[in-house]
Amino acid sequence: MRRLTVIYLSGIARCGVCGHVVHAARNRQTEAYRCKGRGCVARNRNDSDAYVTEVVLLYLEGQDVAKLLAVGGKAAELNALRETVEQLRVRLDLAADDYADGRIDSRQLTRISAKLRPQIHMAENRAAQRTSDSAVAAIVAGGEIRAAWDAAPLTTRRAVVASLVRVTIMRARQGARVFDPNTVQIEWIDP
């Protein structure tokens, strides 16, 4: 059975031709990122990772650490959002139980679900954003940004990149053997 490898930009970066996400692959014995849609683009994985990492680290080093920590230091808000999600799910489960027990009809269950599901989705999205903010704060908190980055797990690095930038892998010129940073476009996401 083939093992799926999740790497740094896999599922985060997008193909500059068709817009599909890229995933880790092998391209002529080289570890690469390849377009998951039609294989439109392939780029050396190590070079792409190193380039994106350097751009993100230079950004973090040039930012006001107090501002980044204030954004990420909202642990109480994150916990409250997670609690809200849990409470809404419990209410939805109770409504399902009430329907199963005959205390409400299908029309009522449909109305309840239609009101609760968007609230759950919105709270989950806000919690996901706060989790990404926390990842940024974890990297910058100690002041040694590069050391914290190197020590951080892959999930934290991926969360930081996904919260700060959109990465697009563009086509390289035919036969190119040297990494061209212009083929990895980075667009900053507004906070």
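In what follows, residues are counted from 1 in the order of the sequence shown. As a basis for the values below, the full set of heavy atoms in this structure was taken, side chains included, without hydrogen atoms, waters or symmetry mates.
Distance CZ/Arg43 to SG/Cys15: 10.0 Å, rounded to 0.5 Å. Note that the CG atom of Leu9 and the CG atom of Asp49 stand 5.0 Å from one another [nearest 0.5 Å]. If you take CG on Leu116 and CG on Leu88, they are separated by 6.0 Å, rounding to the nearest 0.5 Å. Considering CD of Gln108 and OG1 of Thr110, their distance stands at 10.0 Å, rounded to 0.5 Å. Atom CD in Gln87 sits 11.5 Å away from atom CD1 in Ile120 (nearest 0.5 Å). With rounding to the nearest 0.5 Å, the separation of CZ in Arg117 from CG in Leu92 is 5.0 Å.
With hydrogens and angles ignored, the 3.5 Å screen pairs a side-chain donor or acceptor of Arg157 with a backbone N or O of Trp149. Distance alone, capped at 3.5 Å, places no donor-acceptor pair between the Arg45 side chain and the Tyr8 backbone.
In the displayed structure, Phe179 atom CZ is contacted under 6.0 Å by more than 12 heavy atoms of other residues, nucleotides or ligands. When the shell of 6.0 Å around CZ of Arg146 is examined, it contains more than 12 heavy atoms from other residues, nucleotides or ligands.
Pairing each heavy atom of Cys35 with each of His20, the nearest pair is SG-CB, 4.1 Å. The heavy-atom pair separating Ala95 from Ile104 by the smallest distance is O-CD1, 3.5 Å. Scanning both residues, Asn182 and Gln185, for their nearest heavy atoms gives O-CG, 4.0 Å.
Under the 4.5 Å side-chain heavy-atom criterion for ILVMFWY residues, no single connected hydrophobic cluster contains both Val165 and Val21. Side-chain heavy atoms closer than 4.5 Å link hydrophobic residues (I, L, V, M, F, W, Y) into clusters, and following such links, possibly through other members, connects Leu154 to Leu57. A continuous path of Ile, Leu, Val, Met, Phe, Trp and Tyr side chains, each step under 4.5 Å between heavy atoms, connects Val160 with Tyr59, placing both in one hydrophobic cluster.
Arg91 pairs by the salt bridge (Lys or Arg N to Asp or Glu O under 4.0 Å) definition with nothing, not counting sequence neighbours. Residues passing the side chain to side chain donor-acceptor pair (under 3.5 Å) test with Asp98, sequence neighbours excluded: Arg103.
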Decide yes or no on side-chain contact (heavy atoms from CB on, under 4.5 Å) for Val17 and Arg171, but give the supporting numbers first. CA-CA 8 Å; Val17 177; Arg171 278 195 173 135; 3.8 Å; yes
side-chain contact (heavy atoms from CB on, under 4.5 Å) for Tyr33 and Asp47? Distances and angles first, verdict last. CA-CA 10 Å; Tyr33 290 115; Asp47 291 339; over 6 Å; no
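Side-chain contact check for Tyr51 versus Asp180: every heavy-atom pair is 4.5 Å or farther apart. Within the 4.5 Å cutoff, no side-chain heavy atoms of Thr183 are placed close to those of Ile169.
If you chain together ILVMFWY residues whose side-chain heavy atoms come under 4.5 Å of each other, Met170 ends up in a group of its own.
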